[in-house]
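These numbers come from a predicted model, not from an experiment. Numbers here simply count residues along the sequence, with the first being 1.
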Amino acid sequence: MTLASFGLALATVAALMAAAMTIAWLVERRTGNSGWIDAVWTFGLGTTGVVAALLPFGDGPMSRRLLVAALAAAWALRLGLHVASRTRGISDDPRYAKLKRDWGADKDRQMFRFMMMQALASSPLAIAIVLAAHNPAPGLGLQDLIGVLVFAIGVGGGAVADRQLRAFAGNPANKGKICDTGLWAWSRHPNYFFECVLWAAYPVIAIALSGYAYGFVAVLAPLAMTLLLTRISGIPPLEEHMVAKHGEAYRAYQRRTSALLPWPPAAKEA
């Protein structure tokens, strides 16, 4: 991959993500349900990854390009369908709803600005897919297999966490309670943890010890996802909403349970 092709890849993923988030903004304005933003973002990023993996930006063999495109598609389908299913059951996402209330009459302009910020923040994720796809190492090998295993752990763990939460919420006996069973007893956000693990698969596939310096840039993907989830649009607004909803019960959950990294919980308070 040359500097020119790397620059073209960056411009391509940035343009595609900007288009996806413009669609997300339009859907939110039309429906009033900001939950669709995350669904459109997921499908948009997945589509961007598939397209960019298959475009001839570098010298990666077609077998690796197809493998990485399949990983991006599998991620988008699994998470996107889950988010879409969840969104159909709500009238608005509490995280974005609070932002809209805070923005007041300027909410449409501010939301569009926020969508473009999300598009920019997503670019390291999409470019990592490109760099993994275009690792010029001939054929598929052990490194690719390890990357697929890391991806499978991330997807599988996230699916288990989502299923446990859905089962807990679907039980009438748990109405008004906080899910603290299964993976949720070890982490307040196990789905987010496994999402960070999943994105580590791309640098595993992309990094080459010689002849492909751009591969190391893919490390930005898990770092960007971790930053996004722990500092920006993931844990902070969700935790604020949960404290407002459950009060001291959620604060007690915070005290005994790790925020992200699964860890044995402290003893429940008497």
Side-chain angles (χ1 to χ4, degrees), residues 1 5-18 20-21 38 41-55 57-58 60 64-80 83 116-137 143-159 189-209 212-235 260-261:
M1 180 177 287
S5 59
F6 180 69
L8 180 60
L10 279 174
T12 300
V13 301
L16 289 173
M17 285 309 303
M21 297 316 293
D38 287 350
W41 174 82
T42 304
F43 288 122
L45 179 54
T47 301
T48 297
V50 170
V51 170
L54 296 177
L55 286 174
F57 290 123
R64 181 169 295 112
R65 290 159 63 184
L66 288 171
L67 170 66
V68 173
L71 296 182
W75 168 81
L77 284 172
R78 205 290 299 178
L79 183 60
V83 174
M116 292 305 101
M117 289 174 61
Q118 285 200 8
L120 180 62
S122 302
S123 293
L125 305 177
I127 203 65
I129 297 174
V130 176
L131 295 173
H134 293 283
N135 183 336
Q143 185 172 334
D144 301 287
L145 175 60
I146 295 172
V148 171
L149 288 175
V150 172
F151 181 88
I153 291 170
V155 168
H189 305 280
N191 51 340
Y192 289 168
F193 169 76
F194 285 108
E195 187 71 13
C196 296
V197 170
L198 180 154
W199 285 96
Y202 295 106
V204 169
I205 297 173
I207 291 174
L209 297 180
Y212 189 52
Y214 288 112
F216 287 91
V217 178
V219 173
L220 293 177
L223 295 178
M225 179 57 71
T226 301
L227 177 65
L228 187 68
L229 292 177
T230 60
R231 294 289 183 267
I232 303 175
S233 65
I235 291 176
L260 184 69
L261 183 68

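- You'll find the side chain of W199 reaches within 4.5 Å of the side chain of I129, heavy atoms only.
- What you find for A224 and A121 is that their closest heavy atoms are CB-O, 4.5 Å.
- Here L220 contributes atom CG and I127 contributes atom CD1; the two are 10.0 Å apart, rounded to the nearest 0.5 Å.
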From CA spacing to verdict: side chain to side chain contact (heavy atoms under 4.5 Å, CB included), I207, V219: CA-CA 9 Å; I207 291 174; V219 173; 3.8 Å; yes

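- The distance from atom CZ of F43 to atom CG of D38, rounded to the nearest 0.5 Å, is 11.5 Å.
- Remark: side-chain polar atoms of Y212 are paired, donor with acceptor, to backbone N or O of L131 under 3.5 angstrom.
- Taking 4.5 Å as the limit, every side-chain heavy atom of T47 sits out of range of all side-chain heavy atoms of L16.
- Separating the CG atom in L149 from the CG atom in D144 is a distance of 11.0 Å, to the nearest 0.5 Å.
- A donor-acceptor pair under 3.5 Å is formed between the side chain of R65 and the backbone N or O of L54.
- Listed for the Q143 side chain is no donor-acceptor partner under 3.5 Å among the backbone atoms of A208.
- Side-chain contact between M17 and L125 is absent, with no heavy atoms from C-beta onward closer than 4.5 Å.
- The two residues A52 and F57 have their closest heavy-atom pair at O-CD1, 3.5 Å.
- In this structure, R64 contributes its side chain and A137 its backbone to a donor-acceptor pair below 3.5 Å.
- Between A128 and A221, the shortest heavy-atom distance links the atoms CB-CB, 3.4 Å.
- The minimum heavy-atom distance between V68 and A53, with the atom names listed, is CG1-CB, 4.5 Å.
- Among the candidates L261, L229, T230, the single residue satisfying the side chain to side chain contact (heavy atoms under 4.5 Å, CB included) test with C196 is L229.
- In terms of heavy atoms, W75 sits closest to T42 at CZ3-O, 3.5 Å.
- Here CG of L223 is found 12.5 Å from CG of L228. Values are rounded to the nearest 0.5 Å.
- Closest approach of Y202 and A132 over heavy atoms only: O-CB, 3.6 Å.
- A distance of 8.0 Å separates CE of M225 from CG of L198, quoted to the nearest 0.5 Å.
- I205 is listed as a side-chain neighbour of L71, based on a closest heavy-atom distance under 4.5 Å.
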